[in-house]
2 protein chains.
Amino acid sequence: MQNCETCIIRSKAVNTLNPKELRFLMESCAETTYNPRESIIKEGMLSSHIAYLKSGLAMVSKKGVKGVDQILKIVQPGNYLGLQTILFEKVNQFSVTALDKCVVCFIDNLSFKELISRNNQFANELLLFLCREELTYFERFVNIHQKQIAGRIADIILFFSEKIYANALTFEMPLSRGDIAALVCTTRESVTRAIKDLSEIKTIRVTGRKFEILDLARLKKINQSG
Amino acid sequence: MQNCETCIIRSKAVNTLNPKELRFLMESCAETTYNPRESIIKEGMLSSHIAYLKSGLAMVSKKGVKGVDQILKIVQPGNYLGLQTILFEKVNQFSVTALDKCVVCFIDNLSFKELISRNNQFANELLLFLCREELTYFERFVNIHQKQIAGRIADIILFFSEKIYANALTFEMPLSRGDIAALVCTTRESVTRAIKDLSEIKTIRVTGRKFEILDLARLKKINQSG
DNA sequence: TTAATTATTTGATTTATATCACATTTAATA
DNA sequence: TATTAAATGTGATATAAATCAAATAATTAA
């Protein structure tokens, strides 16, 4: 059993719970640690719990018609993972894989639903969470097709720099070239070439998985212009 | 003021309201009728209401980096339109346009939020609605890149036949060739060509906007195989 | 350390689709 | 009904990116 009362990365939703509800949550909560590349949620498997990422970095992916996995998003600590599956209790509609060492809290579906119907502030926060997520997908959907590969690569480099590594200009990319391809809807080879192109015009410097942004303004421009 | 009490296309969420709450909803509700191609919600404009599609067909679209509008989805009666904007009260993140003659109910944001916090069954139904929507987007996102144009066109023909026109094999397409392009992420010309290709192998017959499915099995196969 | 995988890079080639330019049909308006 | 405008179709061409194939580089296992 976890101590949700002292958890420092509690979700906004959990923050709305009263002491009694929080104890109820604690009693139906279990914490697990994952190594990099370990599967946290497996698409097609029976789902019984909602996952909450306490620490580490994870990715959400889903199989398409060709059987190839596409990465839907990178998840940071403080986010729910299987929220959308509350509906389809039966099977997971996507996979979640650890990129770092990850600490994940699991809450069983039933208890989670119980909290939703008990506390409407809790439900409200979840609503906001889902709305925000959906708008992010809209953005992503609309842009991924209107940009060519260099633009999309610029986009994810900026994403990691800004969103994941707090505006660091140098960072270690947790994704392989193949992962990046699955994230921006292209092939491994095209990712390599796009990175090479961006390097040749001195916008970035890349050695293996170490990424360094040399010309932030230009990178942003490439991201915008596609 | 509308009569929500007798509305036959009430959302599952609204069905959870008690008589008092329903009256509250009615008092903050206004109904408007739109002609085909009329704008119901305009991206970038200040948003103050949540829209609910009572009848007709509408499309949700959003501008990408290139300034080109992409169609995110086709909305059928019984669905909320601006739900995701509850968060960003300021501006609409997408546009909604009528395809048919549409009847739309508007509820002001504040009253809607009030209902969420008053009735947790209401909030719960909205949660389920958003979850279902998100899973649909996942599906769409993952597949649109793994299929080539013929497969995507097959997909939307099947979508209209099955989902919009109750499995009718003959139907009037409410979208122009350009709209279809915006929906499946391609160009007007490529849509024309794909339709021509499908027609030549006698899978469909198309005259103007009249679509007829001749070989359903084959169309489904093309949809699956990409 | 060496061998054996696995990941990445690079070049050559192919292909699906975008783009351009123009013809034709259909719908809207005077 | 004639005139204009908008939507659609069609061919030629260009191009971004996929695919194929093979060489390096980097990990992992023995």
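Values reported hereafter were calculated over all heavy atoms of this structure, with side chains retained and with hydrogens, waters and symmetry mates removed. Every chain is numbered from 1 and lettered A, B, ... according to where its sequence line falls, protein lines coming before strand lines. The structure displayed is predicted, hence computed values, not measured ones.
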Report task. Kindly indicate whether the side chain of Leu126(B), heavy atoms from C-beta on, has any atom under 4.5 Å from the side chain of Tyr80(B). Result ->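 The answer is yes; the side chains approach within 4.5 Å.
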- Side chain of Arg188(B) (C-beta onward), nearest among dG11(C), dG9(D), dG11(D):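 Output: dG9(D).
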End-to-end axis angle, where each axis spans five pairs of the helix from dT1(C)-dA30(D) to dA30(C)-dT1(D), to 10°: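 Inter-axis angle at the ends, rounded: 50°.
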[X] side-chain N/O to [N] phosphate OP1/OP2 under 4.0 Å:
X: Thr192(A); N: dT8(C); value: no
X: Thr187(A); N: dA18(D); value: yes
X: Arg177(A); N: dT9(C); value: yes
X: Ser190(A); N: dA18(D); value: yes

Item to check | Distance-only donor-acceptor test (3.5 Å): side chain Arg193(A), base dT19(D) | outcome: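 For Arg193(A), whose side chain was compared with the base of dT19(D), there is a donor-acceptor pair (under 3.5 Å).
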In whole angstrom, give the distance that lies between atom [atom1] of [X] and atom [atom2] of [N].
X: Glu189(B); N: dT15(D); atom1: CD; atom2: P; result: 16 Å
X: Glu172(A); N: dA26(D); atom1: CD; atom2: P; result: 13 Å
X: Lys210(A); N: dA26(D); atom1: NZ; atom2: P; result: 14 Å
X: Ile195(A); N: dT8(C); atom1: CD1; atom2: P; result: 9 Å
X: Leu175(B); N: dA7(D); atom1: CG; atom2: C1'; result: 14 Å
X: Asp197(A); N: dA16(D); atom1: CG; atom2: C1'; result: 12 Å
X: Arg37(A); N: dT5(C); atom1: CZ; atom2: C1'; result: 16 Å

>> Out of the candidates Arg152(B), Lys147(B), Arg218(B), only one should pair with Asn223(B) under the side-chain hydrogen bond (donor to acceptor under 3.5 Å, both in side chains) rule; please name it.
In response: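 With Asn223(B) as partner, side-chain hydrogen bond (donor to acceptor under 3.5 Å, both in side chains) holds for just one option, Lys147(B).
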Side-chain donor-acceptor pair present, Asn109(B), Ser48(B), cut-off under 3.5 Å:
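No, no side-chain donor-acceptor contact under 3.5 Å.
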*asked:* Looking at Arg209(A), I want to see if its CZ is surrounded by more than 12 non-hydrogen atoms of other residues, nucleotides or ligands under 6.0 Å.
replied: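 Yes, enclosed.
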> Hey, is Arg37(B) close enough to Asp100(B) for a salt bridge, meaning N to O under 4.0 Å?
Replying inline: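 No.
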Within residues 140-153 of chain B: residues closer than 4.0 Å to DNA chain C (heavy atoms):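 Here the set is Gln148(B), Ile149(B).
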message: Can you give me the closest heavy-atom contact between Arg177(A) and Val191(A), atom names plus distance?
response: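 Taking Arg177(A) first and Val191(A) second, the nearest heavy atoms are O-CG2, 3.9 Å.
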Notebook entry, point to check: Which atom pair, heavy atoms only, marks the closest approach of Phe106(A) to Ile40(A)?
Noted result: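 Closest heavy-atom pair between Phe106(A) and Ile40(A): CZ-CG2, 3.9 Å.
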**Message:** Between Glu212(A) (side chain only) and Lys210(A) (backbone N and O only), is there a donor and an acceptor less than 3.5 Å apart?
**Reply:**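 Checked: no pair found.
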Next on the checklist: In this structure, is the centre-to-centre distance between the rings of Phe138(B) and Phe94(A) below 6.0 Å?
Outcome noted: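 Under 6.0 Å, so yes.
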